[in-house]
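For reference, positions follow the sequence shown, starting with 1.
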Amino acid sequence: MNSPAPRRIDEIGDESRRRILDAAEELFAERGFDRTSFVDIAKRSGISRGSIPWHFKNKDGLVLAVVERVVARIWPAERYQSVPSITEVFSETAELLRSGNSALVFMILVEALGDRGVVREQYREFFARRREGIEELLRHKRPTGVNAEMAAEQERTAAVALNGALLGIHLQALVDPENVDLDAALVSMATMFDRNLADVWRTDQRLESSARRGPS
């Protein structure tokens, strides 16, 4: 049985929602959440102010919808159904930095550091998904014979460091594009990571011995 064709009113509603989200995303990146009003979004989108709460209830609902869309675009949930190589991760990062409104990622970060709970939670999830993806990649490269529990902790730590490095390169490319060669920086990072990959699972004997003794 075929699915029913979308109704014209539904198509109009979907188009209005998309235009509102597009306008809100642009304005949030330009001005921040607090300095963007429904009036501003209505003017930018060409959709009446009264339609915005009909789609999103309130500003928190709109913020949440924008953040969810940005996160899904930058790092879709299905990305790690297959495990990429480290080179692919860095290549995709460069592509993502050039597509869409990547500056909003850092605008979200600024808001997440404040008291706005809905934004903080979404950004926390964004970070977590990126770390989990990198951890999955490292698990598939884990040497045989290592302690699984210790290796998992080391992979988690490496994922935090690598994720931070990627975001740091991104930020520098956004604020100082004339002096930051994005591709060269990502190639340099990928090369260093590849050359030192075995160090992810390197065991510090002093720390291992201390862990076995337990707290004094």
Side-chain angles (χ1 to χ4, degrees), residues 25-35 63 66-77 79-80 83-142 151-202 204 207:
E25 183 175 327
E26 292 173 2
L27 288 165
F28 288 163
E30 293 171 11
R31 307 179 184 179
F33 299 121
D34 292 335
R35 290 186 291 173
V63 169
V66 168
V67 172
E68 286 177 339
R69 192 174 71 155
V70 170
V71 168
R73 183 172 66 235
I74 292 177
W75 213 259
R79 177 61 191 91
Y80 279 93
V83 181
S85 67
I86 292 175
T87 301
E88 287 175 322
V89 170
F90 280 81
S91 176
E92 288 175 357
T93 298
E95 183 179 344
L96 289 168
L97 300 190
R98 295 189 179 92
S99 66
N101 193 358
S102 60
L104 187 60
V105 172
F106 291 95
M107 184 63 70
I108 296 169
L109 174 58
V110 172
E111 297 292 331
L113 294 174
D115 295 328
R116 187 180 283 275
V118 65
V119 178
R120 179 185 289 269
E121 180 58 25
Q122 284 299 307
Y123 207 82
R124 185 204 63 77
E125 181 181 335
F126 167 67
F127 270 143
R129 285 170 58 185
R130 286 186 58 111
R131 290 195 304 267
E132 287 167 5
I134 295 171
E135 286 179 56
E136 179 71 11
L137 183 156
L138 292 173
R139 272 196 296 274
H140 281 75
K141 297 178 179 294
R142 181 187 295 175
E153 182 62 33
Q154 291 165 318
E155 289 154 6
R156 192 171 302 115
T157 299
V160 171
L162 183 55
N163 192 37
L166 290 172
L167 288 171
I169 292 171
H170 178 185
L171 177 59
Q172 292 179 77
L174 282 173
V175 300
D176 193 12
E178 293 183 1
N179 294 305
V180 176
D181 186 327
L182 177 62
D183 288 317
L186 290 172
V187 167
S188 177
M189 175 61 68
T191 300
M192 286 189 290
F193 193 81
D194 275 331
R195 286 177 178 173
N196 298 281
L197 184 61
D199 287 346
V200 170
W201 300 279
R202 186 175 179 178
D204 185 312
L207 291 179

Nearest heavy-atom neighbours spanning Leu162 and Met189
CD1-CG, 4.4 Å
The complete set of salt bridge (Lys or Arg N to Asp or Glu O under 4.0 Å) pairs with one or both residues in residues 152-178, sequence neighbours excluded, reads Glu135-Arg156, Arg142-Glu155, Glu153-Arg156
Report the distance from atom CD of Gln154 to atom CZ of Arg202, rounding to the nearest 0.5 Å.
11.5 Å
Roughly how far, to the nearest 0.5 Å, is the CZ atom of Phe127 from the CZ atom of Arg124?
11.5 Å
Which heavy atom of Arg131 sits nearest to which heavy atom of Asn163, and what is that distance?
CG-ND2, 4.1 Å
Working note: Thr157 + Val200, criterion side chain to side chain contact (heavy atoms under 4.5 Å, CB included); need CA distance, chi angles, decisive distance, verdict.
CA-CA 9 Å; Thr157 299; Val200 170; over 6 Å; no
Atom CZ of Phe193 and atom CG of Leu166: how far apart are they, to the nearest 0.5 Å?
9.5 Å
Hey, does the side chain of Ser188 reach the backbone of Ala184 with a donor-acceptor pair shorter than 3.5 angstrom?
no
From CA spacing to verdict: side chain to side chain contact (heavy atoms under 4.5 Å, CB included), Leu197, Leu138
CA-CA 9 Å; Leu197 184 61; Leu138 292 173; 3.8 Å; yes
Any chance you could measure Asp199, atom CG, to Met192, atom CE, to the nearest 0.5 Å?
13.0 Å
Considering all heavy atoms of both residues, which atom of Val180 and which atom of Gln172 are nearest to each other, and what is their separation?
CG2-O, 3.6 Å
